[in-house]
Amino acid sequence: MEDQKSLNFIEEIIEHDIAHGKHAGRVHTRFPPEPNGYLHIGHAKAICLNFEIAKKYGGKTNLRFDDTNPATEETEYVNAIKRDIHWLGYDWEDREYYASDYFDQLYEYALDLIRKDLAFVDDSTAEEIAEQKGTPNEPGKLSPFRSRSVEENMDLFVRMKDGEFPDGARVLRVKVDMTAPNMHMRDPVIYRIKRQHHHRTGDKWCIYPMYDFAHGQSDSIEGITHSLCSLEFIHHRPLYEWFIEKLGIFPSRQIEFARMNVNFMITSKRRLLQLVNEGIVTGWDDPRMPTISGVRRRGYPAAAIRIFCEKVGIAKRDNWIEIELLESCVRNELNQTALRRMVVLDPIRVVITNYPEGQTELLPSENNPENESTGERDIPFGKVILIEREDFMLDPPKKYFRLAPGATVRLKSAYIITCQEVIKDETTGEVTEVHCNYYPDSKSGSDTSGIKAKGTLHWVHESSAISGEVRMFERLFTAENPMDEGSDFMSKVNPQSQKVIKNIRLEPAFADAVDGDSFQFIRHGYFTVDRDSKPGHLVFNQTVSLKEGWSPKE
RNA sequence: UGACCCAUUGUGUAACGGUAGCACGGCAGAUUUUGGUUCUGUUAGUCAAGGUUCGAAACCUUGUGGGUCAACCA
């Protein structure tokens, strides 16, 4: 049976359009970032939506940089954005466009509107225009310059373009409706004078179109059939359609969906920049950042992000996604792909008293029990090993399956041991060493001992272990919604969001690990090799812990 | 005090006038040489009040609650 997957409301619109032969059944979407910051997890949803929906209906997706404001936009961001989209697994082929590619065409459109007496040059100041607009509760007033002749408007606009007037001296506005309840219809500004070097057009222009006069027309020029954007643009749609009608251009359709909010995260480029600038994080790609580059460095697989975006769904209601869902997608992916390794973060020595002095042996262990094709590796074992300090308790509670005086445990892929003696520091009372017995016939894979051990511990062989460090992370913010009204989001920054543990002990199989490799540290979680690693000294970022089960508190 | 959008278990999302389902989470159990994974069971929901209808989560009205809109930003 076919599993009947229900459609989201955008797919319903598209299928309806296809069924009615609109645009001959063609589907063409676009992802339109402004190159003024790095992409974050919220953008990932828009990227996945646009690319996946085009793929589903046999269409294409363009990448288009919405670069109409040269004051904030830079080539550095263009490159970072392209890298992030590719990393996510999407390809726009040769369709890399820029709104600035259309500046000449846009200028012609403006001339057309002037000729149709639908646009006028306004000498009012920004403050005066704001005043003319009125408020949502009161209608606006006509600009005193609204009645200029077509000839005068044409002359003034050409001279604006030719650089005859200082920045901000005049703007081009369209004549829509100053009494409209929708503020965006109150004779919006469509061109402003701004002497700014543009990252692509250089100093060719001193006038630049506004968003409303660039975005929709760019969609139209590219033949975009379904222009998907977030809900806050819903009030722009009447204007979007007004321009299509008045200009008589290809009728792209704007459809709005709700952006995704993820708790404990912020997705405001301005505020993300503030975290970078104030040194709260080390950069846009700090592993604690909700940016695409941040989660990549953190070790989140691209596939996990894609599945997350799919699970989150598409609708129009405000939503708060639990960060646990993202983490569950990451665990699910890494469980399938990450190689298992044993690492001791906080070691305590275990001496196997009845193991021959000076002897070592190699014990095979599976690289990933979820994927047999990853094979096995050999782990050295010997008389002195290291286990996790938290895996030993002098006075354990009930249901404690780990090591304690007299207790018996299995060493993963090795032998069963029983604790017989505890060595303490005479002055501090701290446990410094645990002495155990091992059962030679309990060897993993050929266990004939008949002994049952409740718990299994990870370990490393002391003298063959290699060293490294790990960065453990907590949420970057202490509040589910850091932007909650009232206090400033900076006061919600978690001061303990990163903890570095130096001198961790790793099994020797890590020797050839490289930047970006992901591993499961058995019984700890998933970790990825950071680019700060140096030969002989691996640095890991904690990607996500294993799902928490039992914990020894109480 | 205007216009527009929205309202389904804790969270997200279906049901298109005809049995309120799925995923994640929670809880309980089974399996387990990772207290992971996997498997099984279970929990819990239509914002409110009217109306239309044989029948309403859905359609209508009015409330209520949340969100968005007044940059020469996008």
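Atoms considered below: every heavy atom in the structure, side chains included; atoms not considered: hydrogens, waters and symmetry mates. Convention: sequence-line order gives letters A, B, ...; per-chain numbering from 1.
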Which atom pairs, one a donor and one an acceptor, fall under 3.5 Å between side chains of residues 313-326 of chain A and the rest of the protein, sequence neighbours left out?
unit_1   : atom_1 : unit_2   : atom_2 : d
A/Asn319 : ND2    : A/Arg259 : O      : 3.1
A/Asn319 : ND2    : A/Arg317 : O      : 3.2

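- In this pair, A/Phe519 and A/Phe540 present their aromatic rings perpendicular. The plane angle is above 60°, beyond the 30 to 60° band.
- Distance noted for atom C1' between B/rU64 and B/rA14: 26 Å (whole Å).
- In this structure, A/Arg331 places its CZ atom 19 Å from P of B/rA23, rounding to the nearest Å.
- Summarising the local packing, NE2 of A/His197 is surrounded by more than 12 heavy atoms from other residues, nucleotides or ligands at distances under 6.0 Å.
- Using the six-membered ring where Trp is involved, A/Phe477 and A/Phe489 have ring planes that are tilted, between 30° and 60° apart.
- Closest non-hydrogen pair, A/Gln520 versus A/Tyr526, comes out as NE2-OH, 3.1 Å.
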Counting primed atoms plus P, OP1 and OP2 as sugar-phosphate and everything else as base, spell out the protein contacts along nucleotides 26-35 of chain B at 4.0 Å heavy-atom distance: B, S or - for each nucleotide, 5' to 3'.
S------BBB
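- Note: CE (A/Met185) to P (B/rU68) measures 22 Å, nearest angstrom.
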Taking Watson-Crick (N1-N3 plus N6-O4 or O6-N4) and G-U wobble (N1-O2, O6-N3), each under 3.5 Å, can you produce the dot-bracket string of RNA chain B? Use [ ] for crossing pairs and | for inter-strand ones.
.((((((..((((....[..)))).(((((.......)))))....(((((..]....))))))))))).....
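- Only one option out of A/Asp447, A/Asp441, A/Leu411, A/Val409 pairs with A/Ile416 in a side chain to side chain contact (heavy atoms under 4.5 Å, CB included); it is A/Asp447.
- The closest side-chain donor-acceptor pair between A/Glu76 and A/Tyr38 falls under 3.5 angstrom.
- For the side chain to side chain contact (heavy atoms under 4.5 Å, CB included) criterion with A/Phe65, the lone passing option out of A/Lys82, A/His199, A/Glu73, A/Glu34 is A/Lys82.
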Just the table, please: protein N/O against nucleotides 69-73 of chain B N/O, every pair under 3.5 Å.
unit_1 : atom_1 : unit_2   : atom_2 : d
B/rC69 : O4'    : A/His235 : ND1    : 3.4
B/rC69 : O2'    : A/His184 : NE2    : 3.4
B/rC72 : N3     : A/Gly168 : O      : 3.3
B/rC72 : N4     : A/Ser124 : O      : 3.1
B/rC72 : N4     : A/Ala126 : N      : 3.4
B/rC72 : N4     : A/Gly168 : O      : 3.1
B/rC73 : OP2    : A/Arg192 : NE     : 3.0
B/rC73 : OP2    : A/Arg192 : NH2    : 2.7
B/rC73 : OP2    : A/Lys194 : NZ     : 3.0
B/rC73 : O3'    : A/Arg192 : NH2    : 3.3
B/rC73 : O2'    : A/Asn69  : ND2    : 3.0

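- The number of heavy atoms from other shown groups lying within 6.0 Å of NZ (A/Lys56) is above 12.
- Taking atom CD of A/Glu327 as the reference point, atom C1' of B/rC24 lies 12 Å away to the nearest angstrom.
- Rounded to whole Å, the P atom of B/rA15 lies 24 Å from the corresponding atom of B/rG25.
- Taking the six-membered ring for Trp and the full ring otherwise, A/Tyr211 and A/His215 have centroids separated by under 6.0 Å.
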Nucleotide N/O of nucleotides 5-13 of chain B paired with protein N/O under 3.5 Å:
unit_1 : atom_1 : unit_2   : atom_2 : d
B/rU8  : OP2    : A/Arg317 : NH1    : 3.1
B/rU8  : O4     : A/Arg317 : NH2    : 3.1
B/rG10 : N2     : A/Glu322 : OE1    : 3.3
B/rU11 : O4'    : A/Glu322 : OE2    : 3.1
B/rU11 : O3'    : A/Trp320 : O      : 3.1
B/rU11 : O2'    : A/Trp320 : O      : 2.9
B/rG12 : OP1    : A/Trp320 : N      : 3.1
B/rG12 : O2'    : A/Val312 : O      : 2.6
B/rU13 : OP2    : A/Arg317 : NH1    : 3.2

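- The CD atom of A/Glu333 sits 15 Å away from the P atom of B/rC24 (whole-angstrom rounding).
- In summary, the side chains of A/Arg173 and A/Gln132 do present a donor paired with an acceptor at a separation below 3.5 Å, with no hydrogens or angles considered.
- Straight-line distance between the C1' atoms of B/rA57 and B/rU13: roughly 14 Å, to the nearest whole Å.
- Comparing B/rU32 with B/rG18, their P atoms sit 47 Å apart, to the nearest whole Å.
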Stepwise, does the salt bridge (Lys or Arg N to Asp or Glu O under 4.0 Å) test hold for A/Lys412 with A/Glu366?
CA-CA 11 Å; A/Lys412 170 79 180 164; A/Glu366 73 277 11; 3.1 Å; yes
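- Here, B/rU19 and B/rC24 have their P atoms 25 Å apart, quoted to the whole Å.
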Do nucleotides 58-63 of chain B as a string where each nucleotide becomes B, S or -: B if the base has a protein heavy atom under 4.0 Å, S if just the sugar-phosphate does, - if no protein is that close.
------
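- Counting heavy-atom neighbours within 6.0 Å of A/Glu361 CD, excluding the residue itself, gives a total above 12.
- Rounded to whole Å, the separation between the C1' atoms of B/rG51 and B/rC69 comes to 33 Å.
- Distance, A/Arg237 CZ to B/rU68 C1': 13 Å, rounded to whole Å.
- Of the P atoms belonging to B/rA44 and B/rA7, the separation is 25 Å, rounded to the nearest Å.
- Comparing B/rU42 with B/rU62, their P atoms sit 43 Å apart, to the nearest whole Å.
- Between A/Phe381 and A/Tyr415, the ring planes are tilted. Angles from 30° to 60° get that label.
- Of the options A/Leu386, A/Asp391, A/Ile387, A/Val343, a side chain to side chain contact (heavy atoms under 4.5 Å, CB included) to A/Trp459 is made by A/Ile387 and by none of the others.
- Using bins of under 30°, 30° to 60° and over 60° for the plane-to-plane angle, the ring pair A/His184/A/His235 lands in the parallel bin.
- Of the residues A/Asp122, A/Ile207, A/Asp123, the one that meets the side chain to side chain contact (heavy atoms under 4.5 Å, CB included) test with A/Arg170 is A/Asp123.
- In this structure, A/Asn332 atom CG and B/rA23 atom P are separated by 13 Å, rounded to whole Å.
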